[in-house]
Amino acid sequence: MSRLRDLGGPLPRSFYARPVLTVARDCIGKLLVHVTDDGVAAGRIVEAEAYRGPFDRAAHSYLGRRTARTEVMFGPPGHAYVFFVYGMHWNFNLVTGKSGEPHAVLIRALEPVTGLDLMSVRRGISPERPELTNGPGKLCQALGISRREYGADLCQGRLFLADGERRRVARSPRVGIDYAGAWAAKPWRFFESGNKYVSRFPPPRQKRDPART
DNA sequence: GAATAGATTGTCT
DNA sequence: GACAATCTATTCT
């Protein structure tokens with residue numbers, strides 16, 4: 001019995017070759033699967049954000065910035081944009097839209113489905129804890145995603161999205177981009193309502209006005 | 001529960 | 001040399 005077969009095959013490139021906000025919303029509920037020599041690890045995507053360069057100031061491709069790091073975002077859709085932040089964490093993105101359009105979807109949280117023990121070993125915590133995969137850096141560690149997966153083709157290979165159960169989707173502003181001015185307020189974050197693996201719940205809200213009651 | 005600071009390094013100015 | 005699409009531990013309240 002192949003657990004991997006039960007997860008289904010990779011989504012086609014047409015899934016990624018659509019507007020970035022559409023892909024970000026449709027990601028919620030899909031499975032993210034990574035097959036390695038250590039085994040299979042997979043989870044349902046429960047949180048994702050759209051980054052829409054070159055105009056989006058929060059995007060690494062802002063102003064068309066094209067470097068060794070951002071290069072894959074300028075290529076065809078359905079590839080992995082993996083980058084390193086804060087000196088110790090990897091983040092995983094899907095390249096979307098058309099070739100030459102540097103758009104990407106950041107996967108921010110998963111609900112573990114397969115390979116809980118493997119994720120637990122990689123994370124160094126118990127498999128029941130929501131901290132296993134409730135953040136972009138955490139899910140990369142749990143699934144074993146790092147530099148090696150940069151540019152990987154998600155339509156053929158060991159790292160891919162597969163179909164999954166879709167539930168209620170909500171949206172909010174994105175997380176951790178306060179520097180991006182007006183772009184920081186755009187509701188380009190999508191998440192599954194009530195799922196305990198969402199990285200910040202309740203989601204970020206406007207501060208309540210103390211003058212109001 | 002909320003707020004804060006420290007960790008630690010690839011990438012760009 | 002500065003900073004970052006984060007995580008964790010610690011220190012408040």
Side-chain angles (χ1 to χ4, degrees), chain A residues 16 20-21 23-25 27-28 32 43 45-74 79-97 101-110 112 119-152 171-191 196-210:
Chain A
Y16 303 97
V20 66
L21 286 167
V23 178
R25 189 190 61 221
C27 276
I28 307 301
L32 175 60
I45 297 170
V46 297
E47 183 179 348
E49 290 179 350
Y51 286 84
R52 198 161 71 165
F55 302 112
D56 177 4
R57 189 169 155 199
H60 292 156
S61 53
Y62 179 52
L63 300 180
R65 183 193 306 271
R66 187 165 184 165
T67 65
R69 182 175 67 150
T70 62
E71 182 62 29
V72 70
M73 278 197 282
F74 290 84
H79 290 256
Y81 170 42
V82 179
F83 66 92
F84 191 71
V85 274
Y86 298 116
M88 53 182 85
H89 303 296
W90 294 94
N91 281 13
F92 169 73
N93 299 248
L94 319 170
V95 175
T96 72
E101 204 176 45
H103 295 180
V105 173
L106 170 69
I107 304 303
R108 289 193 51 90
L110 299 178
M119 295 190 210
S120 173
V121 169
R122 285 172 173 157
R123 292 275 299 125
I125 62 173
S126 130
E128 296 97 46
R129 303 262 301 277
E131 289 83 359
L132 205 60
T133 52
N134 69 347
K138 297 175 202 177
L139 73 90
C140 282
Q141 188 179 19
L143 263 57
I145 296 172
S146 67
R147 170 103 236 173
R148 289 185 304 282
E149 281 67 42
Y150 181 93
R171 62 192 295 180
S172 79
R174 293 173 290 179
V175 174
I177 53 159
D178 293 343
Y179 61 86
W183 296 94
K186 296 196 175 294
W188 288 359
R189 170 180 183 245
F190 299 85
F191 59 97
K196 72 170 183 175
Y197 290 94
V198 169
S199 70
R200 301 197 185 185
F201 193 83
R205 296 228 169 107
Q206 302 233 326
K207 274 184 195 155
R208 239 202 270 164
D209 184 346

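Per chain, numbering begins at 1; letters A, B, ... match sequence-line order. Everything numeric here is computed off the predicted structure, so don't read it as measured data.
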- Message: If I take atom OH in residue A:Tyr179 and atom C1' in nucleotide C:dA2, what distance separates them, rounded to the nearest angstrom?
- Response: 15 Å
- From the candidates B:dG10, C:dC7, C:dA5, the one with an atom nearest any side-chain atom of A:Phe84 is B:dG10
- Query: Have A:Tyr16 and A:His79 got a donor and an acceptor in their side chains that come within less than 3.5 Å?
  - Reply: no
- Between C:dC7 (P) and A:Trp90 (CH2): distance, integer Å: 15 Å
- Aromatic ring of A:Phe83 stacked on base six-ring of C:dA5, 5.5 Å, 30°: no
- Message: In this structure, how many angstroms lie between the P atom of C:dT6 and the CZ atom of A:Arg174, rounded?
- Response: 12 Å
- Between CZ of A:Arg123 and C1' of C:dC7 the distance, given in whole Å, is 8 Å
- Note on the structure: When rounded to whole Å, the CG to C1' distance for the pair A:Leu63 and B:dT11 reads 16 Å
- Task: Taking only the side-chain heavy atoms of A:Arg65 (C-beta and beyond), determine which of C:dT6, B:dT13, C:dT8 contains the nearest atom.
- Result: B:dT13
- Test item: A:Phe74 and A:Glu101 side chains (from C-beta on) under 4.5 Å apart, heavy atoms: no
- So, is A:Arg52 close to the C:dA5 phosphate, meaning a side-chain N or O under 4.0 Å from OP1 or OP2? no
- Rounded to whole Å, the CZ-P distance (A:Arg69 to C:dA4) equals 11 Å
- Item | Shortest side-chain distance from A:Arg147, nucleotide among C:dA5, B:dC12, B:dT11 | B:dT11
- Query: Is A:Arg189 positioned over the aromatic face of A:Phe191, cation under 6.0 angstrom from the ring centre and no more than 45 degrees off axis?
  - Reply: yes
- Message: Applying the Watson-Crick and G-U wobble criteria at under 3.5 Å, what pairs with C:dA5? Answer none if nothing qualifies.
- Response: none
- Item | Residue A:His60, side-chain atoms from C-beta onward, closest of C:dT6, C:dA5, B:dA7 | C:dA5
- Atom CZ of A:Arg129 to atom C1' of C:dC7: distance rounded to whole Å? 12 Å
- Task: Figure out the NE2/P separation between A:His89 and C:dT6, and round it to whole Å.
- Result: 9 Å
- Query: Looking for any heavy atom pair under 4.0 Å, which part of the strands does A:Ile177 touch: base, sugar-phosphate only, or nothing?
  - Reply: sugar-phosphate
- From C:dC7, B:dT11, C:dA4, nucleotide with atom closest to A:Val85 side chain: C:dA4
- Message: Measuring only between side-chain heavy atoms, which start at C-beta, is A:Leu21 closer than 4.5 Å to A:Trp188?
- Response: yes
- Nucleotide nearest A:Lys138 when distance is taken to its side chain, options C:dA5, B:dC12, C:dT8: C:dT8
- Message: From C-beta outward on A:Tyr81, which listed nucleotide comes closest to its side chain: C:dA5, C:dC7, B:dT11?
- Response: C:dA5
- From the options B:dT13, C:dA4, B:dT8, select the nucleotide whose nearest atom is closest to the side chain of A:Tyr86. C:dA4
- B:dA2: pairing nucleotide in any strand, Watson-Crick or G-U under 3.5 angstrom: C:dT11
- Item | Donor + acceptor pair across side chains of A:Gln141, A:Arg122 (<3.5 Å) | no
- Nearest-nucleotide comparison on DNA chain C, the residue closer to the 5′ end among A:Ile125 and A:Val105: A:Val105
- Do NZ/NE/NH1/NH2 and the carboxylate oxygens of A:Lys138 and A:Glu131 come within less than 4.0 Å? no
- Remember a base hit wins even if backbone is also touched, and classify A:Arg57 as base, sugar-phosphate or nothing at under 4.0 Å, heavy atoms. nothing
